[in-house]
Amino acid sequence: QVQLVESGGGLVQPGGSLRLSCAASGFTLDSYAIGWFSQAPGKEREGVSCISSSDGSTYYADSVKGRFTISRDNAKNTVYLQMNSLKPEDTAVYYCAAGFALGRSRNAALCGSLSGYEFDYWGQGTQVAVSS
């Protein structure tokens, strides 16, 4: 059974940190671009970050550059999102998604726009709340 499971969300004070994990089962992540997306109540889904399968290139939304870091551990079939200097506006449900991608052009197409389109598998999400 193909599955993506996010974990690591929670309640944190402004300025704090969280590390989200996205663990895959039923398939291996090394041929997939992996993206993180967020959706706040009443808002549309937004792309947060993405990491390519081919060369580990990373992509970030302007709102999180310098604060969030995406990484992957193919041996553990897991992708991480380290979130530092969290702000109240980061509050949302965070989803990871996997898109099959071999080669730079396909990875760039999936990750470049951070739109979430053409991703094959999605997790159920993990809640992140930033509040004092």
Side-chain angles (χ1 to χ4, degrees):
Q1 180 182 3
V2 171
Q3 200 172 14
L4 287 172
V5 178
E6 302 93 338
S7 62
L11 174 63
V12 64
Q13 292 187 340
S17 298
L18 287 172
R19 188 177 80 155
L20 305 184
S21 298
C22 172
S25 60
F27 70 107
T28 54
L29 286 179
D30 57 1
S31 297
Y32 287 78
I34 307 299
W36 283 97
F37 302 86
S38 67
Q39 188 163 23
K43 294 189 177 181
E44 301 216 344
R45 185 185 69 201
E46 296 181 343
V48 175
S49 183
C50 190
I51 186 166
S52 75
S53 67
S54 58
D55 59 5
S57 295
T58 56
Y59 303 75
Y60 298 95
D62 288 342
S63 60
V64 306
K65 281 180 182 176
R67 300 189 299 122
F68 291 9
T69 303
I70 190 171
S71 61
R72 64 192 302 154
D73 186 337
N74 287 339
K76 294 184 177 180
N77 222 26
T78 300
V79 171
Y80 304 97
L81 184 69
Q82 179 66 43
M83 309 167 70
N84 297 331
S85 302
L86 282 160
K87 304 175 181 180
E89 51 263 43
D90 296 320
T91 295
V93 177
Y94 284 75
Y95 302 88
C96 65
F100 185 73
L102 296 178
R104 286 186 177 182
S105 61
R106 181 58 179 164
N107 274 285
L110 283 173
C111 282
S113 67
L114 289 175
S115 68
Y117 294 122
E118 299 187 69
F119 279 75
D120 302 294
Y121 308 119
W122 289 80
Q124 294 299 306
T126 185
Q127 176 72 53
V128 171
V130 184
S131 175
S132 55

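All residue numbers refer to positions in the sequence shown, counting from 1.
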Are W36 and F68 close enough that their ring centers fall under 6.0 Å?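 Not under 6.0 Å, so no.
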
Do [X] and [Y] belong to the same hydrophobic cluster, where Ile, Leu, Val, Met, Phe, Trp and Tyr are linked whenever their side-chain heavy atoms lie under 4.5 Å apart, directly or via other members?
X    : Y    : value
I70  : L114 : no
Y121 : V5   : no
V79  : V128 : yes
I34  : L81  : yes

Expected output: side-chain [X] to main-chain [Y] donor-acceptor under 3.5 Å:
X   : Y    : result
T91 : V130 : yes
D30 : N74  : no
E6  : Q124 : yes
N77 : A24  : yes
R72 : A33  : no
R45 : Y95  : no
T78 : K76  : yes

Give me each pair satisfying disulfide (SG to SG under 2.5 Å) with a member in residues 61-132, each pair once, sequence neighbours excluded.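 Sorted result for residues 61-132: C22-C96, C50-C111.
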
Of W122, F119, F27, which is the lone residue that meets side-chain contact (heavy atoms from CB on, under 4.5 Å) with L4?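 Only one option passes, and that is F27.
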
Mind checking side chain to side chain donor-acceptor pair (under 3.5 Å) for Q127 and listing every partner two or more places apart, or none if nothing turns up?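 Partners of Q127 by the side chain to side chain donor-acceptor pair (under 3.5 Å) criterion come out as none, since no residue qualifies.
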
With T69 via side chain to side chain donor-acceptor pair (under 3.5 Å) - residues at least two apart: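 Per chain and number, T69 pairs via side chain to side chain donor-acceptor pair (under 3.5 Å) with no residue.
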
From [atom1] ([X]) to [atom2] ([Y]), nearest 0.5 Å:
X    : Y    : atom1 : atom2 : answer
L20  : M83  : CG    : CE    : 5.0 Å
E46  : Q39  : CD    : CD    : 9.0 Å
N107 : S53  : CG    : OG    : 3.5 Å
Y117 : L110 : OH    : CG    : 13.5 Å
K43  : E89  : NZ    : CD    : 8.5 Å

